[in-house]
Amino acid sequence: MYDVIVVGGGPAGLSAALVFGRQRRRVLVVDGGRVRNAPATEMHMYLSRDGFPPARLLEIGREELAAYPSVELRQGTVLAARGAKDDFEVELADGARERARRLVLATGQVDEPYDIPGLAERFGRGVFHCPFCHGWETTGRTLAVITTEPHEAMLALYVADRFSDDVVLCTHGPLDLPDEIAKKLDERGIQVRSERVTEVSGEPGDVTVHFADGSALRRQAVYHRAPTRQHSELAARLGCEILDDGTVRVNELQETTVPGVAAAGDTAKLPAVPDAATLVSLGAADGVRAALWMEGDLFRSDLGMTPAR
Ligand SMILES: Cc1cc2nc3c(=O)[nH]c(=O)nc-3n(C[C@H](O)[C@H](O)[C@H](O)COP(=O)(O)OP(=O)(O)OC[C@H]3O[C@@H](n4cnc5c(N)ncnc54)[C@H](O)[C@@H]3O)c2cc1C
């Protein structure tokens with residue numbers, strides 16, 4: 001019986017494991033190895049590691065965890081989880097079954113770019129999802145924003161405001177834009193192209209958007225905030241409340257609505273937060289917070305005391 005099984009070994013899961021390891025808890029981290037920012041060569045906005053390769057960050061994290069003998073890292077996928085506080089069982093794809101007193105779900109999200117040839121292949125390299133992560137690097141560049149969502153047209157306004165005075169909004173078909181946004185796009189001189197996009201081609205720094213009428217638009221970078229989905233359905237299957245946007249509801253202590261189960265990183269959200277703010281630093285912080293509060297709960301349980309909450 002482990003004290004904790006952490007599902008997911010990205011920034012959130014590894015950070016949680018570090019806290020538990022340092023408190024000499026028996027922890028198993030099971031990780032499928034498909035972190036969200038894997039396509040990106042650089043990671044930004046993580047103090048002291050700005051511009052660092054994301055894969056290297058996790059490699060260092062795993063190296064640091066090796067110093068704590070009670071932490072076990074295992075490559076694999078958790079297919080199912082069942083049970084209740086003090087006795088959960090998880091089932092791995094290789095058939096292994098493991099038990100733990102508590103669970104931390106740090107399974108992240110998956111981006112699903114539109115079904116436009118060439119778009120998914122360039123996602124994270126030449127096609128960017130987030131101006132906070134990649135905006136600085138697109139300063140002064142010719143930009144396009146591909147979206148079919150009226151509210152996402154705000155992204156075109158945003159990158160035009162912050163980074164470039166040459167931005168084209170590609171709506172991949174007719175889009176009924178709210179008057180206020182249409183007016184601002186016009187004022188900013190942002191061209192709107194409503195032809196269907198048939199392909200995205202080129203290299204990072206020189207990307208071409210092809211349209212159904214045969215024309216093409218050459219840009220130095222493209223923004224596309226791809227729809228996302230949860231990487232794993234474990235939380236839902238365990239009975240955790242899922243918010244309307246698909247994220248797992250947590251409280252300020254990263255606890256889900258199921259006792260003994262915490263969630264951290266991209267997978268989790270406080271209901272009051274308007275939009276899932278998904279960043280490496282926030283994921284790491286969530287993981288630490290989940291583990292800190294869970295450690296307190298484990299300690300009280302070790303002493304035979306009633307839970308604090
Ligand atoms: C292209 C791109 C670039 C980005 N760039 C930046 C950036 O520059 N700066 C920044 O701060 N943020 C960036 N982000 C966001 C950042 O990637 C995420 O916020 C961060 O990875 C979240 O960490 P996490 O631990 O919650 O999830 P993840 O890093 O996605 O890790 C989740 C892990 O859980 C595993 N997993 C899922 N289900 C299971 C299961 N059932 N069993 C076992 N393992 C499972 C996955 O395989 C994965 O390894 C970027 C995102 C994208 C898409």
Side-chain angles (χ1 to χ4, degrees), residues 5-18 28-55 57-59 61-62 73-81 90-94 96 98 103-113 119-138 204 221-238 247-248 250 254 262-269 276-290:
I5 293 178
V6 178
V7 187
L14 293 184
S15 299
L18 182 59
L28 172 65
V29 181
V30 184
D31 182 38
R34 286 173 46 221
V35 292
R36 193 172 165 204
N37 57 352
T41 50
E42 289 180 4
M43 164 192 97
H44 293 281
M45 272 194 315
Y46 194 106
L47 193 65
S48 84
R49 294 291 179 272
D50 194 43
F52 208 61
L57 181 87
L58 297 179
E59 200 175 87
R62 289 189 292 267
L73 301 180
R74 206 184 292 179
Q75 187 87 34
T77 301
V78 174
L79 293 183
V90 303
E91 191 183 323
L92 277 68
D94 64 5
E98 303 292 354
L103 296 179
V104 175
L105 306 178
T107 45
Q109 294 190 7
V110 175
D111 297 270
E112 298 189 315
L119 187 62
E121 293 89 318
R122 286 164 183 79
F123 192 71
R125 297 183 188 209
V127 176
F128 303 115
H129 78 301
C130 167
F132 288 90
C133 298
H134 307 288
W136 174 267
E137 286 67 36
T138 64
V222 170
Y223 280 89
H224 173 57
R225 193 135 53 188
T228 56
R229 65 167 171 81
Q230 290 285 306
H231 203 142
S232 162
E233 290 175 7
L234 286 176
R237 294 217 198 106
L238 275 160
T247 52
V248 182
V250 290
Q254 302 299 139
D266 284 7
T267 196
K269 189 161 84 63
T278 54
L279 295 171
V280 174
S281 54
L282 299 182
D286 278 3
V288 169
R289 193 166 26 238

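Order of appearance sets the numbers: ligands from 1, and atoms from 1 within every ligand.
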Participant: Please tell me whether Arg36 and Thr228 have a donor and an acceptor in their side chains that are separated by less than 3.5 angstrom.
Facilitator: no

Participant: Looking only at non-hydrogen atoms, find the nearest pair between Ala290 and Ala262 and report the distance.
Facilitator: CB-CB, 4.1 Å

Participant: To which of His231, His44, His129, His134 does the heavy atom nearest atom 50 (C) of ligand 1 belong?
Facilitator: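 Ranked by closest heavy atom to atom 50 (C) of ligand 1, first place is His129.
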
Participant: Counting heavy atoms only, which of Ala38, Cys133, Ala16 is nearest atom 7 (C) of ligand 1?
Facilitator: Cys133

Participant: Given that the side chain starts at C-beta and the backbone is N, CA, C, O, which of these parts of Met45 lies under 4.0 Å from ligand 1, counting heavy atoms, or is it both or neither?
Facilitator: neither

Participant: Under the 3.5 angstrom rule, does the side chain of Asp286 hit a backbone N or O of Gly265 as a donor-acceptor pair?
Facilitator: yes

Participant: Closest approach of Val30 and Thr77, non-hydrogen atoms and distance?
Facilitator: CG1-N, 4.1 Å

Participant: Which of the numbered atoms in ligand 1 are under 4.0 angstrom from any heavy atom belonging to Asp111?
Facilitator: 53 (C)

Participant: One residue to check: Ala106. Relative to ligand 1, which of side chain, backbone, both or neither has a non-hydrogen atom less than 4.0 Å away?
Facilitator: backbone

Participant: Side chain or backbone of Val280 under 4.0 Å from ligand 1, or both, or neither, by non-hydrogen atoms?
Facilitator: both

Participant: Heavy atoms only, cut-off 4.0 Å: how does Thr107 contact ligand 1, side chain, backbone, both, or neither?
Facilitator: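 Both the backbone and the side chain of Thr107 come within reach of ligand 1.
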
Participant: If you round to the nearest 0.5 Å, how far is OG1 of Thr107 from CD of Glu233?
Facilitator: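 That separation rounds to 10.5 Å.
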
Participant: Look at atom 24 (P) of ligand 1 and find which of Gly8, Pro11, Gly283 reaches it with the closest heavy atom.
Facilitator: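 Checking each option, the heavy atom nearest atom 24 (P) of ligand 1 is found in Pro11.
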
Participant: Given 3.5 Å as the limit, does a donor-acceptor pair link the side chain of Arg237 with the main chain of Leu79, or not?
Facilitator: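 Judged by distance alone, yes, a pair lies under 3.5 Å.
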
Participant: Give the atom numbers and elements of ligand 1 that come within less than 4.0 Å of a heavy atom of Leu279.
Facilitator: 10 (C), 11 (O), 12 (N), 19 (O)

Participant: Which atoms from ligand 1 have a heavy atom of Gly124 less than 4.0 Å away?
Facilitator: 1 (C)

Participant: Which atoms of ligand 1 are found less than 4.0 Å from any heavy atom of Met43?
Facilitator: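 Going through ligand 1 atom by atom, the ones under 4.0 Å from Met43 are 8 (O).
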
Participant: What protein heavy atom lies closest to atom 18 (C) of ligand 1? Include the residue and the distance to one decimal.
Facilitator: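 Atom 18 (C) of ligand 1 sits closest to the protein heavy atom Asp266 OD2, 3.2 Å.
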
Participant: Under a 4.0 angstrom heavy-atom cut-off, which atoms of ligand 1 come close to Val30?
Facilitator: 43 (C), 44 (N)

Participant: Strictly distance-based, threshold 3.5 Å: is any side-chain N or O of Gln109 a donor or acceptor partner for the main-chain N or O of Thr267?
Facilitator: no

Participant: Where is the tightest heavy-atom contact between Asn37 and Pro54, given as atom of each residue plus distance?
Facilitator: ND2-CB, 3.4 Å

